[in-house]
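Worksheet for the structure shown next.
Only this structure's heavy atoms are used, side chains among them; waters, hydrogens and symmetry mates stay out.
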Amino acid sequence: MESHQTPSSSDVNPYAAPVANVSQHKANAAPIFKTWLIYAAVMTGASWIISTVLGVTAFRWLMAGGSGRYWLIPVLTLAVTLPVSYVVFRWAVTRFLLDSRQ
């Protein structure tokens, strides 16, 4: 029968990949699913509101100026929605995922 001894500090390879003890950590997908669900719901509503307000406003400005650059509307909408998406994602992860893990 082999005896399992813990290696001394001189025997440990400093370049070896760390080994996790998976039996101690039970993955629970419910908080992750809840976080993604809340993020998707909030961003769906926020992007709809941003697209509507920005699209109507930009369309009126472009119509009043007589410009035919209507391709600017989706570009402006994306440029405004991306930072909002980042902020909402950070909020959802911090509020619903990180708080539940402590």
Quick check: closest heavy atoms across Y39 and A92, and the distance to 0.1 Å? CB-CB, 4.1 Å
Determine, using the 4.5 Å side-chain heavy-atom cutoff (strictly less than), whether W91 and V93 are members of one ILVMFWY cluster. yes
Transitive ILVMFWY side-chain link V53 to V88, under 4.5 Å: no
Separation between CG (L37) and CD1 (I32), nearest 0.5 Å, reads 13.5 Å
Using the rule that Ile, Leu, Val, Met, Phe, Trp and Tyr join whenever any side-chain heavy atoms are under 4.5 Å apart, tell me whether V87 and L97 fall into a single cluster. no
Separation between CG (L98) and CZ (R90), nearest 0.5 Å, reads 9.0 Å
Could you note down all residue pairs passing ring-ring contact (aromatic ring centres under 6.0 Å, His included) where residues 45-64 supplies at least one of them, sequence neighbours left out? F59-Y70
Roughly how far, to the nearest 0.5 Å, is the CG atom of L72 from the CG atom of L54? 10.5 Å
Mutual orientation of the aromatic rings belonging to F89 and W36 [parallel < 30°, tilted 30-60°, perpendicular > 60°]: tilted
Taken in chain and number order and not counting sequence neighbours, the residues that satisfy side-chain hydrogen bond (donor to acceptor under 3.5 Å, both in side chains) with T81 are none
Least distance between heavy atoms, A58 atom then I73 atom: CB-CG1, 3.9 Å
